[in-house]
Protein chains: 2
Amino acid sequence: MPRRSRDRDGATPAESDTAAGREQTRRRVIEAAIDLLEREGRDAVTTRAVAVAAGLQPPAIYRLFGDKDGLLDAVAEHGFAAFIAAKHVDPDPQDPIEDLRAGWDLAVEFGLTNPALYTLMYSEPTRATSAAFKAGMEILMGRVRRLAAGGWLRVDEEFAAVIIHATGRGAVLTWLSLPEDRRDPALLTTLRETMIAAVTDRQPAVQEAGPAGAARALRAALPEQTTLSDAERHLLREWLDRLAADG
Amino acid sequence: MPRRSRDRDGATPAESDTAAGREQTRRRVIEAAIDLLEREGRDAVTTRAVAVAAGLQPPAIYRLFGDKDGLLDAVAEHGFAAFIAAKHVDPDPQDPIEDLRAGWDLAVEFGLTNPALYTLMYSEPTRATSAAFKAGMEILMGRVRRLAAGGWLRVDEEFAAVIIHATGRGAVLTWLSLPEDRRDPALLTTLRETMIAAVTDRQPAVQEAGPAGAARALRAALPEQTTLSDAERHLLREWLDRLAADG
DNA sequence: CGTGGCATGTATCAAGGATACAAGGCATCT
DNA sequence: AGATGCCTTGTATCCTTGATACATGCCACG
């Protein structure tokens, strides 16, 4: 609700000045909040800390955003919009499936590079009504619509959108939960291709069965056997790790 | 760290009494907290409210759980354990893939019937260190190990576990974000089957269970690969012969 | 120059996490 | 038995933080 210092007519110079100033203050506050969020974590984002960082008094936050939730919504929206704006999206892609891949990757990348922001937007189910959340869904629906138009979808549009969203969300949150040394990029591509297979007609190439599967089976069954000595088993395990990883 | 009123010997009656009493108080507090959580939401779970509901003073919470986070961890663990205990899990399933389906469904069901608890456990990535989180992972790893032993896994065990976890997490959180009228159960089964396809092979890599069967399968698949040196392969072959003969 | 409306700034409230400190009970030791 | 010391219980209180009431003062308008 922008305030009005006049009842009618256009904006006076002063009015547009203050309106623009207000908008600029909003930006400054939001950016201060994002900075705090990514640098010191969610709990550091208190109305006071944000106010100080933006150089104004605590009550100003409430005048600009209503309440803290309003601030957080604005933060999510701004952060998301900034990320999307930085990556220019192809408005008319040649290959809609490749476009879907790119979009999924983009969404995941957003989560991985802005973990605190992503968590803010997607961790609690109740935040699904926020503007940023909806904006993401809108972009996704556009992609899905193009897929549908090209006849690539094997499921309903809405259904596809939810599947895509769910795999991405699971991928990001799970990735962020993993300790650094267990973060295998292949996880993301696997989940992505899994999603592609679920939503489109294109089936992934069936990888022929090498020794990896049998190696994994033997590795899992290894503790039960008594034929080999400890040392032998130790070395065998190492080889099996290599064979399993090779597939 | 349970307190000790004696240096040696077993527990005196009084000691076991107070220890048991303490344990019982803990339970009462946890159950009060779960009740508050599911009935009035996450924000209603204040140390004061929980204390009042359990009939004691606020500081008692800190003596029992250290801090609020400790309380929430205990709540998550208790809630999760109670759910798992209510569903008895087949310790030796016939069909490990069907078992994986059942396990995934169980995890998702937990999320859908205990949304507040689930959100508590799985919303913030930083909570991956909690006991309840780890307990869930343990159960999952057991299932994955059986799949591996049966030769069904098409990817590494850890890899599979993460994929399974991620799809389940995405499924639950997305489901909870959807308005009621858009919650299609087919979403869950689709995501589940997608996950199954990503993680398992249609044909198991081994014919017979146990180390011997796996060894035979690996021996059959071995000649073509180049991951191991000649000498390593030679020795491996000998061990596989012994393992195969052992069954 | 007076007046009214709106933004700014100060002071404060209320809720909640956390803790200090005193009071009391119980077992051990002499 | 009485003294002693530790551990538990209970009370009061602190500090942060979200939120708001109220006064002050600026500025345009008449």
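None of the values given here were measured: they were computed from a predicted structure.
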Note to self: What's the angle between the local helix axes at either end of the helix from dC1(C)-dG30(D) to dT30(C)-dA1(D), using five pairs per end and rounding to 10 degrees?
What the structure shows: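 End-to-end axis angle for the helix from dC1(C)-dG30(D) to dT30(C)-dA1(D): 20°, rounded to 10°.
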Please say whether more than 12 non-hydrogen atoms of neighbouring residues, nucleotides or ligands are located less than 6.0 Å from [atom1] in [X].
X         : atom1 : value
Arg28(B)  : CZ    : yes
Asp90(B)  : CG    : yes
Trp152(A) : CH2   : no
Arg154(A) : CZ    : yes

Check: Base, sugar-phosphate, or nothing for Pro59(A), non-hydrogen atoms under 4.0 angstrom?
Finding: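 Touches a base.
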Integer-rounded Å distance: [N] [atom2] and [X] [atom1]:
X        : N       : atom1 : atom2 : result
Tyr62(B) : dC21(C) : OH    : P     : 18 Å
Leu71(B) : dG17(C) : CG    : P     : 10 Å
Ile61(B) : dG16(C) : CD1   : P     : 14 Å
Asp67(B) : dA18(C) : CG    : P     : 5 Å
Gln57(A) : dT10(C) : CD    : P     : 6 Å
Leu36(B) : dA15(C) : CG    : P     : 16 Å
Lys68(B) : dA15(C) : NZ    : P     : 15 Å
Leu56(B) : dG10(D) : CG    : P     : 8 Å

Notebook entry, point to check: Toward the 5' end of DNA chain C, which comes first, Gly66(B) or Arg48(A), by nearest nucleotide?
Noted result: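 The residue mapped nearer the 5' terminus is Arg48(A).
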Notebook entry, point to check: Going from CG on Asp184(B) to CZ on Arg182(B), what distance comes out if it is rounded to the nearest 0.5 angstrom?
Noted result: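 Asp184(B) atom CG to Arg182(B) atom CZ measures 10.5 Å (nearest 0.5 Å).
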Notebook entry, point to check: Would you say Leu173(A) and Tyr122(B) make side-chain contact, with heavy atoms under 4.5 Å?
Noted result: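 Result no, sub-4.5 Å side-chain heavy-atom pair not found.
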Item checked: Toward the 5' end of DNA chain D, by each residue's nearest nucleotide, Thr47(A) or Arg63(A) ->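 First, find each residue's nearest nucleotide; the 5'-ward one identifies Thr47(A).
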Margin query: Using only atom types and a distance under 3.5 Å, with no angle test, would you say the side chain of Arg183(A) pairs donor to acceptor with the backbone of Ser177(A)?
Written below: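 No; zero donor-acceptor contacts below 3.5 Å.
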